[in-house]
Amino acid sequence: MDTRETVALRIRQLCAERKITPNGLANLSAVPQATIKSILNDESKNPGVVTIKKLCDGLDITLGEFFSTPEFDMLEQEIK
């Protein structure tokens, strides 16, 4: 799993925990629904930290809480 997939997985996990849809997350975070869709469908090649911070604000969590998962801990450094 790469970073993009891990970010999408985390967003799905957080939505499921809170019983909200991606559209509901868009309303809570003021991130356009199209942006969330592109992240979840692996169309966004590099979701920015500002976008992720807005999602975190909408979910009432910190960036640290967002990234503090075993999936992120196990990611390998991506070499281009």
Side-chain angles (χ1 to χ4, degrees):
M1 189 174 328
D2 67 17
T3 304
R4 291 183 319 262
E5 293 167 328
T6 307
V7 167
L9 174 67
R10 184 67 173 139
I11 292 169
R12 284 187 183 96
Q13 288 172 339
L14 291 164
C15 284
E17 287 172 12
R18 288 161 175 74
K19 295 178 177 47
I20 59 171
T21 63
N23 186 46
L25 178 57
N27 292 332
L28 290 172
S29 63
V31 172
Q33 183 180 6
T35 300
I36 296 172
K37 177 183 171 277
S38 72
I39 294 169
L40 295 178
N41 293 335
D42 200 29
E43 296 163 0
S44 174
K45 298 304 174 200
N46 187 15
V49 70
V50 172
T51 299
I52 295 172
K53 173 67 171 116
K54 287 180 179 181
L55 295 172
C56 290
D57 290 347
L59 293 164
D60 198 29
I61 62 171
T62 66
L63 280 169
E65 290 169 310
F66 183 88
F67 289 110
S68 182
T69 68
E71 293 85 4
F72 282 110
D73 292 343
M74 294 186 316
L75 282 176
E76 297 287 327
Q77 174 112 8
E78 294 178 27
I79 299 173
K80 301 283 176 179

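Quick note: residue numbers are just sequence positions, from 1. Keep in mind the model is a prediction, meaning the values are calculated, not measured.
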Quiz prompt | Glu5 side, atom CD; Glu71 side, atom CD - distance, nearest 0.5 Å | solution = 12.0 Å
Quiz item: Should Val49 and Ile36 be regarded as members of a common hydrophobic cluster, given that ILVMFWY residues are connected when their side-chain heavy atoms come within less than 4.5 Å of each other, either directly or indirectly?
Solution: yes
Quiz item: Roughly how far, to the nearest 0.5 Å, is CG of Asn23 from NZ of Lys37?
Solution: 12.5 Å
Exercise. Mind listing the closest non-hydrogen atom pair of Pro32 and Ala26 along with its distance?
Key: C-CB, 4.3 Å
Exercise. Measure the spacing between OG of Ser38 and CD of Gln33 and express it to the nearest 0.5 Å.
Key: 11.0 Å
Exercise. Kindly compute the distance separating CD (Gln13) from OG1 (Thr6), expressed to the nearest 0.5 Å.
Key: 9.5 Å
Quiz item: Do the side chains of Val31 and Leu25 get nearer than 4.5 Å, heavy atoms only?
Solution: no
Quiz prompt | Side-chain heavy atoms of Leu55 within contact of Phe66, under 4.5 Å | solution = no
Quiz item: Shared ILVMFWY cluster between Phe67 and Ile11, side chains joined below 4.5 angstrom?
Solution: yes
Quiz item: Does atom NZ of Lys19 have more than 12 heavy-atom neighbours from other groups under 6.0 Å away?
Solution: no
Quiz item: Is Ile20 linked to Leu14 within one hydrophobic cluster, defined over Ile, Leu, Val, Met, Phe, Trp and Tyr using a side-chain heavy-atom separation of less than 4.5 Å?
Solution: yes
Exercise. Please test Ile61 against Arg18 for side-chain contact (heavy atoms from CB on, under 4.5 Å), starting from the C-alpha separation and ending with a verdict.
Key: CA-CA 12 Å; Ile61 62 171; Arg18 288 161 175 74; 3.2 Å; yes
Quiz prompt | Nearest heavy atoms of Lys54 and Ser29, plus distance in Å | solution = O-CB, 3.3 Å
Quiz prompt | Any donor-acceptor pair under 3.5 Å from Asn41 side chain to Glu43 backbone | solution = no
Quiz prompt | Single-linkage hydrophobic cluster, 4.5 Å side-chain cutoff, Phe72 and Leu63 together | solution = yes
Quiz item: Looking at Arg4 and Lys45, what are the two nearest heavy atoms and their distance?
Solution: CD-O, 2.9 Å
Quiz item: So, Arg12 side chain and Leu40 main chain: donor-acceptor pair closer than 3.5 Å or not?
Solution: yes
Quiz item: Is any side-chain heavy atom of Thr51 closer than 4.5 Å to a side-chain heavy atom of Ile39?
Solution: yes
